[in-house]
Structure formats: C-alpha cells, structure tokens
*Asks:* 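Right, I'll just put the structure down here and ask away after.
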Amino acid sequence: MPTPEHSASATPAWIITGPTSGIGRRTALELAEHGIVVLVGRDPNKLEEVEAEINARAGGHAISVVCDFSDITSVRRAAAQIVALGLPLAGMLNNAGIMPNRADRTPQGWDLAYTTNHLGPFALTETLIPHLPDHANVIFTCSGVEDPERKPAVTAGFRGARYISAEASARGEWQPGGSSKPGFDAYATSKQGNLATVLSFARETPRLRFIAVEPGFNPGTGLGRDANPALRFLAKYVLAPLAPLIKYWSTPKRAARLLAGVLTSQPHPSGVYYDENGKPMLGSAQVRDPAFSDRVVAETRALLAQVPSDTR
Ligand SMILES: NC(=O)c1ccc[n+]([C@@H]2O[C@H](COP(=O)([O-])OP(=O)(O)OC[C@H]3O[C@@H](n4cnc5c(N)ncnc54)[C@H](OP(=O)(O)O)[C@@H]3O)[C@@H](O)[C@H]2O)c1
C-alpha cells in the first residue's frame, strides 16, 4: 500500500494512547506544542476534559477517539476512525496500560492486563502502520520489569516476563517460578510483549522507526490505582516528591518531556530502547534474541486473527 501523502506544510498529527492520566496526560499536553493531538482513550468524559484543555490553548488542536484496549473490536474500530480523520499522521505513542493486582478477564475471556497492554496496542499499531509516513516514530512505553536481571524490579517483587506463548498469556498462564505478587507476572509479560513488538517490527518495517521507552518508576500515577489506600497515599505524597532524587525513578512531567521529545524528533535508530534519561538501554537476554521476539509477534498475530471482524 502506498504511504499517505500530505503537503510538507500540513500540521503534523500525533497519536497518543492513554492520554487521560499520569504520564500520558502530561505527554498529550506536551505534544500539543508540536501539532494536532489525536487522543485515544477509553473514557469519553476524561477524553473530553483533556481535549478541552488543549483546544483552549492558543493554536491547540486535539481530537478524541474512544478506544478500549481490552476489546480488540473496539481497537479495530478506533483504528478505522483515526484513518478516516484523514489527518497528516506523523507518529504514534502507545502509552495506555494497566497493572491490576489480581487476575482479571476481558469480556472475551482473555487476561485483562495482557490484552490491554500488549494485544490491543499491537492491533492498533499493526492497523495504522500502512498509514504512517516514512521515518515516522512509533513508540511503546515499555517497562524494565520484563527483565529478571533488573535489580530494582526484582527488589519490588518482579521476576521478569514469564512468557509461555501468546495463547497461554491470553489464558493468564505464566512460566513457573514467577512473582508471589498477584498481577506482576501478567504485567511483566505484557510489557515484554511491547518490547518484542518494537524489536521485531523494527526488522520487519525498516521505513518506520520503532522505539521503546522505559519512563522510569513514576510513583503516584494511576497505574497503582488498585493498591490499598495507604500505599496510594504513600506513593503520591511521600514517594512522588522523592522521585527526582532517585536512580531509575522519574516524574510524569519529566517522562512526558522525554516521550514527546523522542516522538517529535529525528532521527532515531529503529529498535532502540531508551531509559528514563533518554540513554540507550538493553532489554532482557530473552527479548534480545530475535527468534524470540519474532515468535512473540507471530503468535500475537495468530491469536488476534481468531477475533472475528466487526461486521456492523
Ligand atoms: N508509572 C510507572 O512507574 C511506569 C513505569 C514503567 C512503565 N510505565 C508505563 O507507562 C504507561 C502509562 O502509565 P501511567 O503510570 O501513566 O498510568 P496511568 O496514570 O494509570 O495511565 C494509564 C492510561 O492508560 C489508560 N488505559 C487503561 N486501560 C485502558 C483501556 N482498557 N483502554 C484504553 N485506555 C486505557 C488509562 O485510561 P483511564 O484514565 O480511563 O484509566 C490512562 O489514560 C503504561 O503503559 C505503563 O505500563 C509506567
């Protein structure tokens, strides 16, 4: 399929998912300085709020698209809506994500975290790739917790990604020897799916730039919303103010600057993985094996192909 052509002077449009909270909300506001922002989120009221905030700024232009990443049909519909907008798409940031502390299911019966964090964003990206111009940046907000050797993640209770297969992940099954904390294996495996996607897509589609960003530990965002009230209070009022002082930690403001800066700048090597300071870092030994990341991508595609197309 030919790539879309827009005049060089057209205002670029940046797609961001999960722009209604935490890192994504801050990043959407940053992106408003660089062109049109396509806000992709599940909650129409929250989307409307961010959209209004951007549109109230001089030169601000935001457009919302409702999309529930835990529902592949909703994702496909949203992708079609984004294409139908006919905007000069310039790049996309896959940022939406959850870290539930119990195993939950989508209405279709798949693991909620794995679907929301990996399968849905994969489906959106794959559908939009043909509509992105050459050299466009496609970012996934990843997480170092996929690496069983990453010390701060291990200290927090993670045991790295526990991938068996995409089908097993969708069933909520993980390699034995994982975390004792509920939800951690699903989260780590889903975030490894993001990184595997970046690495494999970079080889498959060299005309685009696929980039992984580990935004640092950002205490106090909505990611920990399932934690008990005492922990949420601690994260927001005690840990968040300390974040600028601690290695591997960050703040939504800083993470947003990094993400918006990477998304809107050129050139980046495709397949690069940046840390919270924008320095290249390495993923786990497992995900760095091209045969492994290609397998994750092939199995993800086969799984998504089982979801019937929406005929409405
Ligand atoms: N915070 C950290 O320490 C940290 C560290 C490493 C990586 N990350 C990654 O950074 C990203 C942003 O996290 P955050 O900390 O900013 O969390 P957050 O404040 O909870 O924001 C998550 C965003 O994702 C959206 N979202 C959740 N489920 C969705 C669904 N089913 N469909 C559509 N959108 C959905 C949320 O929408 P609602 O507002 O409607 O809930 C929200 O906009 C995530 O991918 C996370 O894995 C975070």
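Model, not experiment: these values are computed from the prediction.
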*Asks:* May I ask you to check whether Ser74 and Asp68 show a side-chain donor-acceptor distance below 3.5 Å?
*Replies:*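 Ser74 vs Asp68: no donor-acceptor pair found between side chains.
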*Asks:* Between Glu204 and Arg301, does at least one N-O distance fall below 4.0 Å, as a salt bridge requires?
*Replies:*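 Counted as a salt bridge, because a side-chain N and a carboxylate O are separated by less than 4.0 Å.
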*Asks:* Do NZ/NE/NH1/NH2 and the carboxylate oxygens of Arg76 and Glu126 come within less than 4.0 Å?
*Replies:* no
*Asks:* Does the side chain of Phe217 come within less than 4.5 Å of Ser250's, by heavy atoms?
*Replies:*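 Counting from C-beta outward, Ser250 and Phe217 never come under 4.5 Å.
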*Asks:* Identify the two heavy atoms, one from Ser179 and one from Gly157, that lie closest to each other, and give their separation to 0.1 Å.
*Replies:* OG-O, 2.6 Å
*Asks:* Taking the six-membered ring where the residue is Trp, are the ring centres of Phe122 and Phe201 under 6.0 Å apart?
*Replies:*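 Yes, they do, as the ring centres are separated by less than 6.0 Å.
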*Asks:* Between the side chains of Glu214 and Lys191, is the shortest nitrogen-to-carboxylate-oxygen separation below 4.0 Å, so that they form an ion pair?
*Replies:* no
*Asks:* Between Tyr187 and Glu146, do the side chains contain a donor N or O and an acceptor N or O under 3.5 Å apart?
*Replies:* no
*Asks:* For the residue pair Trp174 and Thr189, establish whether any side-chain heavy-atom pair is separated by less than 4.5 Å.
*Replies:* yes
*Asks:* Name the residue from Leu259, Thr27, Asn94 that meets the side chain to side chain contact (heavy atoms under 4.5 Å, CB included) definition with Thr141.
*Replies:*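 Exactly one pass, corresponding to Leu259.
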*Asks:* Is there a side-chain contact between Thr11 and His61 (heavy atoms, below 4.5 Å)?
*Replies:* no
*Asks:* Can you tell if the side chain of Ile16 reaches within under 4.5 Å of the side chain of Val38, non-hydrogen atoms only?
*Replies:* no
*Asks:* Do you see a donor-acceptor pair shorter than 3.5 Å between the side chains of Ser293 and Arg203?
*Replies:* yes
*Asks:* State whether Arg26 and Glu30 are salt-bridged, where the test is any N-O pair (Lys NZ or Arg NE/NH1/NH2 against Asp/Glu carboxylate O) under 4.0 Å.
*Replies:* no
*Asks:* Indicate whether the side chain of Arg254 and that of Asn277 have a donor and an acceptor atom separated by less than 3.5 Å.
*Replies:* yes
*Asks:* Using every non-hydrogen atom in the two residues, find where Phe184 and Ala156 come nearest and quote the distance to one decimal.
*Replies:* CE2-O, 3.4 Å
*Asks:* Answer whether the closest heavy-atom distance between the side chains of Thr20 and Asp43 falls below 4.5 Å.
*Replies:* no
*Asks:* Can the ring centroids of Phe210 and Phe140 be said to lie less than 6.0 angstrom from one another?
*Replies:* no
*Asks:* Less than 3.5 Å apart, any donor N or O on the side chain of Ser265 or His268 sitting next to an acceptor on the other?
*Replies:*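 The criterion, which ignores hydrogens and geometry beyond distance, is satisfied for His268 and Ser265.
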*Asks:* Are Asp226 and Ile98 side-chain neighbours, meaning at least one heavy-atom pair lies under 4.5 Å?
*Replies:*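 No. Closest side-chain heavy atoms not under 4.5 Å.
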*Asks:* Just so I know, are the side chains of Arg288 and Leu282 near enough to count as touching, which here means a heavy-atom distance under 4.5 Å?
*Replies:* yes
*Asks:* Does the pair Gln192 and Gln286 meet the rule for a side chain to side chain donor-acceptor pair (under 3.5 Å), with working shown?
*Replies:* CA-CA 9 Å; Gln192 184 185 61; Gln286 183 179 47; 2.9 Å; yes
*Asks:* Any donor-acceptor pair under 3.5 Å linking the side-chain atoms of His135 with those of Arg207?
*Replies:*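 No, no side-chain donor-acceptor pair sits under 3.5 Å.
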